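Given the structure is predicted, the values throughout are model-derived calculations rather than measurements. Lettering of chains follows the sequences in order, A, B, ..., and the numbering in each one begins at 1.
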Protein chains: 2
Amino acid sequence: MQVTVKLPDHKSEDCRAISSVLARVGDKWSVLIIVLLGDGPKRFNEIKRAVGGISQRMLTLTLRGLERDGLVTRTQFPTIPPRVDYELTDLGRSLWSAVEPLGVWARSHVGHITKARAGFDEKADLQE
Amino acid sequence: MQVTVKLPDHKSEDCRAISSVLARVGDKWSVLIIVLLGDGPKRFNEIKRAVGGISQRMLTLTLRGLERDGLVTRTQFPTIPPRVDYELTDLGRSLWSAVEPLGVWARSHVGHITKARAGFDEKADLQE
DNA sequence: CTGAATCCCGCCAGATACTG
DNA sequence: CAGTATCTGGCGGGATTCAG
């Protein structure tokens, strides 16, 4: 009886695809913004304040990237002063749910990692 | 009847913790290497060849980082020529399983995203 | 073979100022 | 308010060389 593990073969195209998505997820701001938009549409400065520490430029660029990927929608109201709302698309929400396990993992293992880092650094310090 | 959604409150510490993990996951090479090590320990150059396109320097730095975080172990055999094996720790494997949903999501939505990008870019081109 | 060390360039993000 | 435009410094990362 054959007992092969059916690994989804790692073609280079798959790698690139995953990398492409991971680049978005790994982006310092993208996920934070997606999380924020998780509970409803928000305005530009609203996001800026909520995230904290992001420059106007980066927020603009990040939002553009998310919009380009079809993860958020941008709707502007022709009022004065202007008002622009950003909202998660269905795709965005599905990404959000795919990212959640990672968040859970993060919260439950951060302590472990922090300790590992401390131990590693301590050892490194003793060597020199 | 009240229908509140119980969101895990987003404290800044949580954000930093998640960001810290996301930084690792988002790192261009970390996850690829973790995936590779998923089916058993591998040698330095073995990883280098398998990943493809990574510089020696980056591979070294990435592996150090993963080791520091307690995600992989480094065991060197005092032979000539030297031989070093890298292997996933339990923590590393648990991260791997947390990342998997993302991989699944990526594969099933890459087409959608690619199309979204194309559409976005086309619109942008028409404007100018 | 597995690394450490050095040089060096490109681009990325922050700061700032300006526009509709 | 919600962006663009421009400049600039820092540093991430490739290429190369040396070492054990």
>> Generate the contact string for nucleotides 5-20 of chain C. Rules: B means base contact, S means sugar-phosphate contact only, - means no protein heavy atom under 4.0 Å.
In response: -B------BBB-B--B
> Would you say B/R83 reaches C/dT2's phosphate, i.e. side-chain N/O to OP1/OP2 under 4.0 Å?
Replying inline: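 It does not, given that no N or O in the side chain of B/R83 lies less than 4.0 Å from OP1 or OP2 of C/dT2.
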> Crowded around A/Q76 CD? As in, over 12 foreign heavy atoms under 6.0 Å?
Replying inline: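 Check fails, neighbour count at 12 or below.
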> Yes or no on salt bridge (Lys or Arg N to Asp or Glu O under 4.0 Å) for A/D85 and A/K42, after CA distance, side-chain angles and deciding distance?
Replying inline: CA-CA 5 Å; A/D85 275 12; A/K42 296 208 172 350; over 6 Å; no
> Counting any heavy atom closer than 4.0 Å, what does B/F77 reach on the DNA or RNA strands: base, sugar-phosphate only, or nothing?
Replying inline: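 No contact.
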>> Please determine whether side-chain contact (heavy atoms from CB on, under 4.5 Å) holds for the pair B/T60 and B/R57, giving the CA-CA distance in whole Å, both sets of side-chain angles, and the decisive distance to 0.1 Å.
In response: CA-CA 5 Å; B/T60 302; B/R57 173 193 156 83; 5.9 Å; no
> Along DNA chain D, 5' to 3', what are the outermost nucleotides having an atom less than 4.0 Å from a heavy atom of chain B?
Replying inline: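 Nucleotide range with atoms under 4.0 Å of chain B: D/dG13 to D/dG20.
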> In whole angstrom, what separates B/E46's CD from C/dT2's P?
Replying inline: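 It is 9 Å, rounded to the nearest whole Å.
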> Taking only residues at least two apart or on different chains, which pairs with a member in residues 97-119 of chain A satisfy ring pair (Phe, Tyr, Trp, His ring centres under 6.0 Å)?
Replying inline: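 Of all non-adjacent pairs touching residues 97-119 of chain A, those that pass ring pair (Phe, Tyr, Trp, His ring centres under 6.0 Å) are A/W105-A/H109.
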>> Using 0.5 Å steps for rounding, measure from the CG atom of A/L95 to the CG atom of A/L88.
In response: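 Between A/L95 CG and A/L88 CG, I get 8.0 Å after rounding to 0.5 Å.
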>> So, taking the atom named CG in A/L22 and the one named CG in B/L22, what distance separates them when rounded to the nearest 0.5 Å?
In response: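 Result: 9.0 Å between the selected atoms.
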> Can any side-chain N or O of B/N45 pair as donor or acceptor with the backbone N or O of B/K48 at less than 3.5 Å?
Replying inline: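 Judged by distance alone, no pair lies under 3.5 Å.
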> Is the backbone N or O of A/W29 less than 3.5 Å from a side-chain atom of A/D27, with the two atoms forming a donor-acceptor pair by type?
Replying inline: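 Present.
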